[in-house]
Structures are given as C-alpha cells and as structure tokens.
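Okay, so here's the structure we're looking at.
Protein chains get the first letters and strands the later ones, always in sequence-line order, with residue 1 at the start of each.
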Amino acid sequence: MSEQSPKERRIILKYADDPAYSNRIDCYLRVGGYQNLKKAFAMKPEEVGEEVLKSGVRGRGGAGFPAGMKWKFLDRKSGKPIYLICNADESEPGTFKDRQIMYKDPHQLIEGMMISAYAIGASQAFIYIRAEFHEGARILNRAISEAKDKGFCGNNILGSDFSCDLVVHRGAGAYICGEETGLIESLEGKRPNPRIKPPYFPAVLGLYQCPTIVNNVETLCNVRHIIEMGGDEFAKIGKPNNTGTRIWCVSGQVMKPGYYEFECGALTLGQMIFDVCGGLRPGRSLKAVIPGGSSAKVLRADERFSGTLKDGTAFDWGLGDIPLDFDGPMSAGSMSGSGGIIVMDDTVDIVQAMANINAFYAHESCGQCTPCREGSLWMRKITQRMCSGGARKEDADLLLSVAKQIEGRTICAFGEAAAWPTQSFVTKFKDDFINKASETAENRDPKSLQLI
Amino acid sequence: MENLLKLSAETLAKIDEVVPKYPQKRSAALMVIHLVQDELGAVDDTACEWIAKRLELQPINIKELITFYPMLRENPWGRKHVRVCRTLPCALRGSYGTCKTFEKMLGVKEGHVREDGEYSLEFMECLADCGQGPVVIVDEKTYENIEGERATKFAELLLDGKLDGVEEFKSYEESLNQQIPKQ
Ligand SMILES: Cc1cc2nc3c(=O)[nH]c(=O)nc-3n(C[C@H](O)[C@H](O)[C@H](O)COP(=O)(O)O)c2cc1C
Ligand code: SF4
Ligand code: FES
C-alpha cells in the first residue's frame with residue numbers, strides 16, 4: 001500500500017485503503033454502492049450513454065480515446081449480440097492501478113460494468129484479467145456472486161427485464177493480450193494475435209465478429225461516478241478535454257513510489273516527483289522519466305519542451321513543468337499512456353535501461369509482423385551486446401534504423417510501443433550510446449545498477 | 001468422457017461449470033487449461049488431446065496455446081515456484097540482484113527446476129506492482145520490496161518453510177483488508 005498524499009483527490013480509490021473498508025459487498029453498500037445502478041436503470045440506455053459522452057471521460061487504458069464516443073461507434077444495426085469486455089490485463093510496465101481497484105473495491109467495477117452494459121445493450125460481459133492476479137480473480141468471482149445474490153448482476157437486474165451475465169476470464173502471462181483485438185482473440189480461445197484495423201474495430205467486428213466495447217478497469221469505474229454526478233458535473237473535474245481524476249503510478253528511483261489519484265492537470269510532473277513522491281534518494285539528481293508506461297517516449301531531465309497547446313496558448317516547459325493530464329505529456333512529445341511514471345536518477349546506465357526495455361518487447365511480440373518480430377529481437381540483441389563489452393560507435397544509428405523500420409509497418413500499436421523507447425532513448429541520450437563503445441572495466445560507473 | 005488424465009472430481013466439476021459460461025466452447029480453452037495445469041502442473045500431449053476433445057477441438061488448437069502463453073507449461077515447475085520481476089521499474093530497485101541471490105541460495109538457475117524438483121526460479125515480465133519492487137511471487141502470493149538483505153532473509157525463510165506468518169514479509173494478498181466493520 002502506498003501512503004496517501006494529503007493533496008490527492010480520491011474518487012476511484014476513495015475507500016480502497018480505508019482501514020474500515022473491505023472488498024465485500026456489505027462495505028460497498030454502506031457507502032452508497034449500487035445506488036447509481038438504480039439511478040441508471042431509471043434512465044433510458046441512450047441517456048446513460050449521453051451522460052458518459054458529456055462527461056468527456058477518456059479511456060484510462062493507454063490510448064485516451066473518449067469512452068462516450070467509442071460507445072457511439074457501436075454497430076447497433078447488425079442485430080448481432082453486443083459484448084462488453086473489461087480490459088484488466090494491466091500489463092504495461094510501470095502500471096499498477098487496476099490491481100488496487102480490483103483487489104480492494106471490486107464492486108465499484110461491477111457496478112460500473114453493469115451500468116455500461118445497460119447503456120450499450122450488452123447481455124454478456126467479461127473481465128479479462130491477467131493470470132498473475134490469482135487472488136484478484138477469486139475476489140472478483142466472489143464479488144460477482146455477492147452482486148448476483150442481491151440482483152445487481154446476472155438475470156433480471158433490479159427486477160427489470162435487463163439481464164447481463166459477467167464472467168471472469170484469466171489470461172496466461174502474455175502482454176499482447178492487453179491490446180484489445182489480441183485480447184478478443186485470446187477470449188475466443190486462440191493465440192492472441194491482434195487483428196488489423198480496419199476492418200476489425202471491436203465496436204463493429206469484435207468478439208465472435210459481433211459489436212464489442214473494450215474498456216479499461218479505471219474507465220469503467222468512472223462510469224459509476226459519471227452517473228452519480230451527471231456528465232456535466234463530472235466534466236468540471238480536471239480540465240477541458242482532460243476530465244476526471246487519474247491514478248498515476250510512480251515507480252523507480254523516488255523515495256515514495258506508489259499510486260496517487262489526482263484531478264487531471266492538478267499538478268506537474270515535477271510536483272509529483274519532488275513533492276508527492278518525496279524526491280530522489282539523497283545526493284542523487286534526475287536523469288530521465290518515462291511518463292506513461294514503458295511504451296511512452298522517454299523525457300530527458302534537462303530537456304526543454306515548447307510549442308502551442310490545442311487551445312492556442314504557447315508553452316515552454318522544463319521536464320518538471322509538464323502538467324499531469326492527458327495532453328501535457330503528449331505536448332512534450334510523449335504520452336500519458338497508462339499513467340505509469342518511471343523515474344531514473346543519475347546512477348542509471350541509460351544503455352542498460354534501454355536493453356532492459358528491449359528485452360521486454362522482444363519477449364512479448366506476438367510474432368505476426370516481420371518488422372516487429374525481427375526488429376524487437378535485433379534491438380534486444382544489439383543493446384545486450386552493447387552492455388556486455390561489445391559496443392560499437394555505429395550501434396546508435398543501427399538501433400535507430402531498426403526502430404524506424406518497425407514504426408507504422410505493423411498490424412497493431414505494439415510496433416510503435418517497441419520502437420518509441422529506442423527512438424527516444426537513442427536520440428536523446430546519443431552520447432551515452434556512443435560512449436558505450438569506449439567503456440572499459442576501469443571507467444565503468446561503479447554506482448550503476450545492473451539492469452540487464 | 002474417459003478420464004484419461006485422472007483428474008480429481010473437483011477439477012472435473014470445475015471444468016463442467018466453466019465451459020457453459022461461454023457463448024462458444026473454444027473460449028473456455030484458457031480456463032480449462034488453467035484448471036488442468038493447476039492440478040497436474042503441466043499440460044502434456046495427452047492433456048492437450050483430452051482438453052481438445054472436451055472442447056470439440058483439435059489437439060493443435062490447445063498445443064498452440066500452451067506453446068504461446070508464458071504461463072502455460074509443457075513441463076512442470078518445481079514444488080515451490082519462485083517468480084522474480086525483471087522489468088525496468090523492478091530492475092531499478094535491484095531485481096537482478098534479487099534473482100542472483102535466489103539462484104545462489106535456492107541452488108537453481110533462473111528458468112530452471114532444481115534437480116530434486118523442490119524449487120524452480122523464473123524471471124518474469126512486469127507483475128503490475130511496480131511501486132513496491134522488486135516484486136516476487138511464490139506460488140500464488142505476491143511479496144514486495146524483496147531486495148538486498150531482505151532478499152537473503154526471504155530466501156532463508158522460504159528454504160526453512162517458515163515464510164508464512166512473518167510480519168515483515170506479509171504478502172500483498174494477506175495485507176488486504178478483509179474485515180467487515182460494525183454498522
Ligand atoms: C501493446 C498494447 C498493450 C496494451 N495493454 C493494455 C492493458 O494492459 N490494459 C488496458 O486497459 N489497455 C491496454 N492497451 C490498450 C487497449 O488496446 C485498449 O485501447 C483499451 O483497453 C481501451 O480501453 P479504454 O478506452 O478504456 O482505455 C494496450 C494496447 C497496446 C497496443
Ligand atoms: S505489431 Fe508486433 S505484437 Fe502487434 S501484431 Fe504485429 S507482431 Fe504482433
Ligand atoms: S516492473 Fe516489476 S512489477 Fe512492474
């Protein structure tokens with residue numbers, strides 16, 4: 001459990017770490033649980049969807065696409081059954097927020113899902129949970145059966161003629177199952193090879209080629225709060241186009257790593273690292289930050305970021321000035337992704353950090369697209385060789401050329417996720433990569449930790 | 001169906017319960033594989049054939065899953081399976097050192113099973129608990145901040161079979177608040 005910061009605004013995690021709260025239904029009911037399901041069921045499904053649209057809530061899984069808009073794309077004319085899937089794969093390195101929700105407040109997710117299922121007209125819903133969350137799956141199953149007993153889930157919800165079953169489905173340790181079309185293939189009992197878009201947009205051709213909505217755990221929990229507050233009120237939290245709170249997950253070399261929920265834009269990256277997370281270890285200085293899970297482009301501590309925001313205002317930021325919302329890290333050329341902020345101090349050997357990340361992508365590529373399969377392996381091999389005494393001056397450019405041949409040439413966004421780290425690390429820390437060639441046992445930094 | 005695998009009545013019942021939950025039988029594949037693997041430790045060719053038959057599929061449809069997903073196994077891990085997170089956030093807190101300590105103390109190389117079958121060790125990718133890294137999972141329990149001297153102490157307790165109930169190594173799962181407060 002991470003220590004709560006006094007400046008947080010906890011909406012999703014309001015009760016998660018309350019010592020008088022547990023993951024059982026009694027606790028949830030005591031704090032107004034399932035009242036919003038009742039409220040939603042008194043509305044028309046379209047009206048529920050309208051509130052979600054008005055709320056402006058953007059997906060918390062990585063891409064930040066507005067949930068209400070995604071629901072609008074649903075093909076309702078096909079006459080085929082509609083499915084709702086909660087993406088609980090939580091596999092982007094640096095991300096550990098969905099875990100807190102599911103283990104500590106599972107009913108919030110179930111209520112959010114049943115409201116969402118009602119809004120989109122789904123009579124079958126799934127939670128796709130990563131298999132390492134053994135206890136998480138048990139907690140969810142127990143919570144679902146508690147909710148079914150009380151008529152909040154399953155047949156004839158709240159005595160209405162709307163029914164929606166909810167099934168917990170476990171993955172088996174593959175990162176690519178977090179990609180929504182890979183997830184769907186996996187849920188169909190196949191290898192999780194992502195599908196090409198178009199035509200396979202889940203909202204049109206999803207599970208069993210039926211219209212399907214895939215949303216992240218945190219996104220679906222927000223739906224419950226949108227119904228409670230109303231879309232317009234919800235939209236007042238945070239900033240325009242960056243509404244609601246976000247749970248930021250800070251890891252790496254800070255004094256107090258952990259998960260912290262703040263209104264979007266309520267603080268900067270600098271405040272998060274130095275104030276909320278207690279700064280770096282004594283005597284250390286900041287080297288680099290990855291702001292949105294390992295797939296996001298790295299930011300260099302001494303970089304300047306300037307340009308104009310969507311609303312036309314000019315900005316000129318240092319790393320510490322970047323606002324923590326969706327658009328801040330994006331304007332700085334990276335992304336807020338899944339909210340996983342990975343902090344590296346001056347003891348880090350950047351080439352080793354790169355090699356660590358490359359090993360991840362090489363291990364996780366599904367292997368369908370040649371550029372991704374071969375490229376991720378080569379990037380791993382090159383950086384690994386560089387870290388075991390075989391670095392050459394030309395390796396930096398070689399890495400960039402491999403990464404360039406992946407980006408934009410693959411079936412799914414994993415290609416970019418694998419290429420962006422290399423492109424940003426090598427471009428921004430080129431000296432570190434070039435100097436690696438002249439590293440010897442004598443001049444190697446003795447402080448640096450083994451990362452590969 | 002003939003119970004070639006000698007699965008327990010409990011596992012068979014669980015399989016019968018899980019399959020009809022899905023609109024299409026094939027969707028139950030991963031869940032059935034998990035149930036079989038939980039009991040047998042691995043899914044060999046006989047098990048593949050049995051599962052395929054149960055779901056009205058070809059054995060290759062199951063085999064291709066076993067060979068793809070990192071957590072599915074053709075050969076069993078040790079009686080105690082120790083997983084250490086390898087990915088960057090945990091590495092930045094010392095997980096490579098943790099893995100080395102475990103290799104030495106448990107007497108098994110990463111990715112392998114000790115000869116006596118007692119322990120196995122695996123370097124895994126991000127386990128989604130990066131704020132408290134290095135993260136270690138033993139069987140189904142998640143342990144946090146296992147680094148340096150704590151890693152040594154952890155391995156000692158594990159080897160002595162005395163890990164359970166030690167306050168400083170309370171798992172993430174056991175730290176959850178399960179109490180139901182008064183009204
Ligand atoms: C390689 C890859 C991995 C992903 N992993 C996850 C994940 O673990 N959890 C998640 O919610 N979304 C993940 N996503 C994003 C999903 O594809 C999808 O956009 C998301 O679940 C949609 O939900 P949202 O709109 O509520 O964010 C991943 C995407 C890619 C390309
Ligand atoms: S980009 Fe990579 S992960 Fe995505 S489909 Fe292609 S090979 Fe698979
Ligand atoms: S990197 Fe180890 S749990 Fe995420």
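- The CD1 atom of B/I137 sits 8.5 Å away from the CZ atom of A/F133 when rounded to the nearest 0.5 Å.
- Of the atoms belonging to A/E364, it is side-chain heavy atoms, and not backbone ones, that fall under 4.5 Å from chain B.
- For the pair A/G252 and B/R93, the tightest heavy-atom approach, listed with the atom from each and the gap, is O-NH1, 2.6 Å.
- In this structure, the side chains of A/Y208 and B/Q24 come closer than 4.5 Å at one or more pairs of heavy atoms.
- The shortest non-hydrogen separation linking A/K190 to B/Y69 is O-OH, 3.0 Å.
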- Task: List the steps and the verdict of side chain to side chain contact (heavy atoms under 4.5 Å, CB included) for B/L88 and A/I290.
- Result: CA-CA 11 Å; B/L88 188 61; A/I290 304 175; 4.1 Å; yes

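- For chain B, the nearby part of A/Y83 is the side chain; its heavy atoms alone come within less than 4.5 Å.
- The contact between A/S186 and chain B is made by backbone and side chain atoms together, counting heavy-atom distances below 4.5 Å.
- Listed options A/G136, A/A131, A/G189, A/A172 were ranked by heavy-atom pairs under 4.5 angstrom with chain B; first place goes to A/A172.
- What you find for B/P89 and A/S251 is that their closest heavy atoms are CB-OG, 3.4 Å.
- Residues A/H363 and B/P70 meet the side-chain proximity criterion, which asks for heavy atoms closer than 4.5 Å.
- Of the residues considered (B/L72, B/V32, B/L127), B/L127 shows the highest number of contacts with chain A, using heavy-atom pairs under 4.5 Å.
- Closest non-hydrogen pair, A/K104 versus B/L176, comes out as CG-CD2, 3.8 Å.
- The backbone N or O of A/L187 lies less than 3.5 Å from a partner atom in the side chain of B/S27, making a donor-acceptor pair.
- Neither the backbone nor the side chain of A/P81 comes within less than 4.5 Å of any heavy atom in chain B.
- In this structure a side-chain-to-backbone donor-acceptor pair under 3.5 Å is missing from A/R170 to B/H34.
- Each of A/C177, A/A359, A/P192 has some count of heavy-atom pairs under 4.5 Å with chain B, and the biggest count is that of A/P192.
- Only the side chain of A/Q124 comes within less than 4.5 Å of a heavy atom in chain B; its backbone stays farther off.
- A/K148 NZ: more than 12 foreign heavy atoms inside a 6.0 Å radius.
- With a 4.5 angstrom heavy-atom cutoff, A/L207 does not touch chain B via any of its atoms.
- Nearest heavy atom pair, residue B/L92 against residue A/V343, reads CD1-O, 3.7 Å.
- For A/D18, the part sitting under 4.5 Å from any heavy atom of chain B is the backbone (N, CA, C, O) and nothing else.
- Annotation: maximal heavy-atom pairing with chain B below 4.5 Å, among A/M344, A/Q253, A/E90, occurs at A/Q253.
- With a 4.5 Å cut-off on non-hydrogen atoms, A/L449 touches chain B through its side chain but not through its backbone.
- Contacts of B/K25 with chain A are absent, with no heavy-atom separation under 4.5 Å from either backbone or side chain.
- Within the model, atoms CG of B/D139 and NE2 of A/H134 stand 8.5 Å from one another, a figure rounded to the nearest 0.5 Å.
- A parallel orientation is assigned to the rings of A/F126 and B/Y22, their planes being inclined by less than 30° (bins at 30° and 60°).
- Residue A/Y259 does not touch chain B at all, counting heavy-atom pairs closer than 4.5 Å.
- Using modelled atom types and a 3.5 Å distance limit, the side chains of A/R99 and B/T142 yield no donor-acceptor pair.
- Only the side chain of B/Q132 comes within contact range of chain A, with at least one heavy atom under 4.5 Å from a heavy atom of that chain.
- Here the side chains of B/M71 and A/E132 are in contact, with some heavy-atom distance below 4.5 Å.
- For the options B/K21, B/M124, B/K100, B/E64, heavy-atom pairs under 4.5 Å to chain A are most numerous at B/E64.
- Neither the backbone nor the side chain of B/N145 comes within contact range of chain A; no heavy atom of the residue lies under 4.5 Å from a heavy atom of that chain.
- The residue among B/A29, B/C130, B/G94 with the most heavy atom pairs within less than 4.5 Å of chain A is B/C130.
- Residue A/A16 does not touch chain B at all, counting heavy-atom pairs closer than 4.5 Å.
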- Task: Decide side chain to side chain contact (heavy atoms under 4.5 Å, CB included) for A/R191 and B/T67; before the verdict, give the C-alpha distance in whole Å, the side-chain angles of both, and the deciding distance to 0.1 Å.
- Result: CA-CA 10 Å; A/R191 281 191 171 193; B/T67 52; 3.1 Å; yes

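- Atom CD of B/Q58 is surrounded by 12 or fewer heavy atoms from other residues, nucleotides or ligands within 6.0 Å.
- Both the backbone and the side chain of A/C366 come within contact range of chain B, with heavy atoms under 4.5 Å apart.
- Residues B/V135 and A/F96 have side chains not in contact (no heavy-atom distance under 4.5 Å, counting atoms from C-beta outward).
- Here the shortest heavy-atom pairing between A/Y128 and B/L30 reads OH-CD1, 4.1 Å.
- Between the side chain of B/R86 and the backbone N or O of A/N356, at least one donor-acceptor pair lies under 3.5 Å.
- Side-chain atoms of A/S294 and B/T87, non-hydrogen and from C-beta on, never get closer than 4.5 Å to each other.
- There is no contact between A/K256 and chain B, counting heavy-atom distances below 4.5 Å.
- Salt bridge status for B/E140 with A/R138: present, with a side-chain N to carboxylate O gap under 4.0 Å.
- A heavy-atom distance below 4.5 Å is not found between the side chains of A/Y175 and B/C126.
- Contact of A/V250 with chain B is made through the backbone alone, with heavy-atom distances under 4.5 Å.
- At a threshold of 4.5 Å between non-hydrogen side-chain atoms, the residues B/R26 and A/E188 do not count as touching.
- The contact between A/I342 and chain B is made entirely by side chain atoms (from C-beta outward), counting heavy-atom distances below 4.5 Å.
- Within a 6.0 Å sphere centred on CD of B/E168, heavy atoms belonging to other residues, nucleotides or ligands number more than 12.
- Neither the backbone nor the side chain of B/S175 comes within contact range of chain A; no heavy atoms are under 4.5 Å apart.
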